[in-house]
Number of protein chains: 2
Amino acid sequence: MQHVVIIGGGFGGLAAARALAKAPVRITLLDRRNHHLFQPLLYQVATAALNPSDIAYPIRSVVAEQDNVRVLLAEAKSIDPTARTVTLDDGLLEYDFLIVATGATHSYFGNNWSAVAPGLKTVEDALEIRRRIFLAYEAAEREADPVAQREWLTFGVVGAGPTGVELAGALGEIGLQTLVHDFRTIDSTDVKVLLFEGTDRVLQAYPPKLGEAAKRSLEKRHVEVRLNTRVVGIDPHGVTIKDATGEHRIGMRTVLWAAGVQASPLAASLGVPRDKAGRVIVEPDLSIPGHPEVFVIGDLALMTSKGAQVPGVAQGALQGGKHVAKQIAAEVRGTPARKPFAYWDKGNMATIGRASAVAATKRVALSGFLAWLMWWAVHIFFLVGFKNRFVVMFSWVSSWLSYKRGARLITGDVGALPRLESIAPDGQPSMPAGAETVAFSESDGSAASPG
Amino acid sequence: MQHVVIIGGGFGGLAAARALAKAPVRITLLDRRNHHLFQPLLYQVATAALNPSDIAYPIRSVVAEQDNVRVLLAEAKSIDPTARTVTLDDGLLEYDFLIVATGATHSYFGNNWSAVAPGLKTVEDALEIRRRIFLAYEAAEREADPVAQREWLTFGVVGAGPTGVELAGALGEIGLQTLVHDFRTIDSTDVKVLLFEGTDRVLQAYPPKLGEAAKRSLEKRHVEVRLNTRVVGIDPHGVTIKDATGEHRIGMRTVLWAAGVQASPLAASLGVPRDKAGRVIVEPDLSIPGHPEVFVIGDLALMTSKGAQVPGVAQGALQGGKHVAKQIAAEVRGTPARKPFAYWDKGNMATIGRASAVAATKRVALSGFLAWLMWWAVHIFFLVGFKNRFVVMFSWVSSWLSYKRGARLITGDVGALPRLESIAPDGQPSMPAGAETVAFSESDGSAASPG
């Protein structure tokens, strides 16, 4: 029986594996994680609305009933298309067909900002971001210097695509709603979120009027949108931006990265042309030039459909996975007839916060509460697994009714919080004697510094 | 207004803070974590039945509506009862009354086994244990050497108190039920759990007939109970035990520690007598000798009530917290009349697994399904927060119906899995040539080694 190796258990890889359930092949599905991640909701884990396991599901469970799949927890190091082998950490896998679906990671455009401005791709990323957000409020509560306190309550988000917009909206709501009764020294509604975007509008991929609606909705959540603004420096105490008026420095202690993505480095070993972001430029049938038995799908591929580029979203990966599964199934059954991939754009949606979202299909552009309900229904529907759907629905309904975020735990290292010399009789933190204005800046400890 | 400082946001500290809600005092509640942990259910996080946030709740939220409490995320380093100050990492807190409730941590009885046999006290501990359990199955699936494979499917638990019994039962059920369809090379029902206990029965604190019932129930779950057995050595590849027949070595890759506990080291700075486990020997009213304004409660104290030692359980801490709050409230209101602490033993319960538990009160001793229902109802009832109760109930009902464990994610470092030289045409892992029996032992990489 022919051996199909699939690298990556994301939307593309899993869709391909499932679509091959009845094909006379044996499948090995590799992933370096044991779980499939429903990435469109990952920002909800980062902002404590959901738990990791609400949106992540063991890959083994997803394919447990499919007898022709073997799941391996392993990382693919390189691919040799000539020898038809995949090199793992510690061994080789031979294949007859290969589907590469390892996705993308953050790109800091050559800057070394990963420690000061984490991005959002994995469960670990989301937990790290959650830790920084809630520690910032703890730090502000302990901070005696008003300038430093202001910086702890200021959050920066770089990039106003869907992830940046979702993170910024949630960051505002955490201060305005979730934490509103929790602190004694600070007022959490003093939260300020700065959303930096290099182009002239938010949500570039959406119709301009939805971008406008999103911007207004963000502003209600204490998000200040800075368009035509490039971030040129980030450190634990602030960012440096460049806009039409020159370079400026803004003090803040928490910065999140939602700007660039870059294809997984595995693509390089295929030895075929790639674009600037490292994506493999695939043939119309999603195979690679010269190797019809090797397919690349999802965010790792620059896929085109009817002359247009397929966006790097879950739908693109899912449909790509199904498409290549069909081509392989046809070939092993002796009826090879490669077809070009045709992407069906079901539309895009992004949420800004409680009861606010934008949704666009070819025919309609919606914003506000109705778009939010639609967003909600679609995301619940596509979550893998019966249980998750209901637990997530319950968490959402409950959070919505109570304004609380249930998963607000800080785990891992707490890091260094601002110095607290003593608690004065009025219960307020007092400044260390003779250090009124330099209390924090003399310390390089910061909750935002890497653990 | 007098200042009450409470160190520790566990059962004792929180109960004291809440019981002081109407007293004319201001309260500072210190904890080095931002969350209260419902520790009786922590083993369910370790065994992937629940999420951390199902059983952990931000301390700020618990007391958000109580205006006289200020919560500080900070670690107390030492206490000076003469100066009436608590030293933090970076400052001092002055108090009029002090309640010390920092609990206990694991004790390895002087051995350096924390890396090879993690214990279960914090959310991080639970996630580390979860990681090891599920990685062990992944490793077994990849392992070609049958001896090493057997070792990956063998789990050791040291100590047959409630935590040890609960972990061992859950470990058996994970292999027998949860993972039963997930693997292709191994059969997860080959799981074997060894529960080591130094005394002559499991659950010493319970009536002997319940210990017997628990043992039988464990055996149905592939748990082999080794009584009168001391563990004298643990390393990443196995344990050395000593029983009536001498010393023996048993190969296994995952060992969990549920044997000893030791009071938090903060107690030492009080300068008062402590027992062998480091617990403070408190006065009948739970204050310390010579300092009626300092109280020690919960697992940090050796509390006695009517001549009998109060067990180190949640009820003891809760009741202790309420008791000292009453003494303080009376004193600040000018009606000091210290009363000795009287513990009301509501009984003990431990669960062994699906539909099996033991419960003992002064009058009744129950085992089996009825005890399990009781265990379930009591634990749901005492969970902090409306939402948690329902989410946990839903998770349990859903897990019970489906035999699945929803929170089965491996996060953090995957570590080194067994070497996998190649996948043979039959889809089975093959051994590296010429290394049939030493494939694993030559590698010191192990999922059980510290991250």
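Predicted model, so just to flag it, every value in this text is computed and none were measured. Proteins come first, then strands; the chains are lettered A, B, ... in the order of their sequence lines, and each starts at number 1.
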Undergrad: Answer with side chain, backbone, both or neither: which region of A/Val180 has an atom nearer than 4.5 Å to a non-hydrogen atom of chain B?
TA: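 Answer is neither: A/Val180 stays 4.5 Å or more from chain B.
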Undergrad: Evaluate the side-chain proximity of B/Leu73 to A/Leu135: yes if any heavy-atom separation is below 4.5 Å, no if none is.
TA: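 Counting from C-beta outward, A/Leu135 and B/Leu73 do come under 4.5 Å.
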Undergrad: I need the residue from A/Val63, A/Val71, A/Val69, A/Ile59 with the largest number of non-hydrogen atom pairs under 4.5 Å to chain B.
TA: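 Among A/Val63, A/Val71, A/Val69, A/Ile59, the one with the most close pairs to chain B is A/Val69.
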Undergrad: Looking only at heavy atoms, what is the nearest atom pair of B/Arg70 and A/Arg184, with distance?
TA: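 For B/Arg70 and A/Arg184, the tightest heavy-atom pair comes out as CA-CG, 4.1 Å.
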Undergrad: Checking side-chain contact (heavy atoms from CB on, under 4.5 Å) between B/Ser61 and each of A/Asp182, A/Leu179, A/Thr178, which is the one that passes?
TA: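 Only one option passes, and that is A/Asp182.
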Undergrad: Taking the side chain as every heavy atom from C-beta outward, state whether B/Asp54 and A/Asn51 have any atom pair closer than 4.5 Å.
TA: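 The answer is yes, as the side chains (C-beta and beyond) meet within the 4.5 Å cut-off.
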Undergrad: In terms of heavy-atom proximity below 4.5 Å to chain B, should A/Gln2 be classed as side chain, backbone, both, or neither?
TA: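 Neither part.
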Undergrad: Does A/Glu141 reach the side chain of B/Arg60, with side-chain heavy atoms less than 4.5 Å apart?
TA: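 The answer is yes; the side chains approach within 4.5 Å.
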